[in-house]
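In what follows, a structure is listed as structure tokens, so that the remarks can point back to it.
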Amino acid sequence: MPKKNPLTGTWHLLDCRGRSTDGGELLPYGENPSGLLMYDGEGSMAVTQMRSSRRTFVSEDAVQAREAEIIAAWREFDAYSGTYTLDTEQGSVTHHVRQSKFPNWTGTDQLRFYSLEGDRLILRSAPFRHAGKEWVFTLIWSREAG
């Protein structure tokens, strides 16, 4: 009998923070981030993450947005989707990215290490370059009551 997939379901973002090798800390979506992570039982996944306090554009027409508004919106939001492979023995999940806001991630594999604590899912990235430094990001998710 196959093992039950512990990640299947919908998760809400509670916290996202990075730590650099030099001890720096980064909260890319602020103190109260918003996000949704979904894993289905067939191997598909999707994630969105953003700063809860994102400012709206001055214009209701997105094409008329000011360059500064576009830059802020880009920096305060992330999304990607694709498929995933779960390795319960290693405590890892690999996201096979098919679509991404960040074009360089499209077609890549993004390794995450996971742990479960009650209704909390903790995902940690493998170390990667961000803003000229080496970082590990930790995201804490809460399972949506079903």
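Between Asn104 and Thr108, the closest heavy-atom pair is O-CG2, 3.4 Å. Looking at every heavy atom in both residues, Glu76 comes nearest to Arg55 through OE1-N, 4.4 Å. Considering all non-hydrogen atoms of both residues, Pro28 and Arg51 come closest at O-NH2, 3.7 Å.
The closest side-chain donor-acceptor pair between Ser59 and Asp61, if any, does not fall under 3.5 angstrom. Counting only N and O atoms by type, the side chains of Tyr84 and His96 include no donor and acceptor under 3.5 Å apart.
Two residues are said to be in side-chain contact when any heavy atoms from C-beta on lie closer than 4.5 Å; Leu26 and Trp135 meet this criterion. Residues Thr106 and Gln99 are not in side-chain contact: their nearest non-hydrogen atoms beyond the backbone lie 4.5 Å or more apart. Looking only at side-chain heavy atoms (C-beta outward), Leu7 and Leu86 come within less than 4.5 Å of each other. Considering only heavy atoms from C-beta on, Arg66 comes within 4.5 Å of Val58 through its side chain. Taking 4.5 Å as the limit, every side-chain heavy atom of Arg19 sits out of range of all side-chain heavy atoms of Val136. Contact check for Trp11 versus Met38: no side-chain heavy atoms found under the 4.5 Å cut-off. Residues Lys133 and Asp22 are in side-chain contact: their nearest non-hydrogen atoms beyond the backbone lie under 4.5 Å apart. At least one side-chain heavy atom of Met45 sits less than 4.5 Å from a side-chain heavy atom of Leu37.
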Do any side-chain atoms of residues 113-130 form donor-acceptor pairs under 3.5 angstrom with protein atoms, and if so which ones, sequence neighbours left out?
residue: Ser125; atom: OG; partner: Phe137; partner atom: N; Å: 2.9
residue: Arg129; atom: NH2; partner: Gly132; partner atom: O; Å: 2.6

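At distances below 3.5 Å, not a single donor-acceptor pair connects side-chain atoms of Ser100 with backbone N or O atoms of Tyr80.
Under a hydrophobic clustering in which Ile, Leu, Val, Met, Phe, Trp and Tyr are joined whenever their side-chain heavy atoms come within less than 4.5 Å, directly or via other members, Leu13 and Phe102 fall into the same cluster. Hydrophobic clustering (side-chain heavy atoms under 4.5 Å, transitive across Ile, Leu, Val, Met, Phe, Trp, Tyr) groups Leu139 together with Val97.
A salt bridge links Arg17 with Glu25: the closest approach of a Lys/Arg side-chain nitrogen to an acidic carboxylate oxygen falls below 4.0 angstrom.
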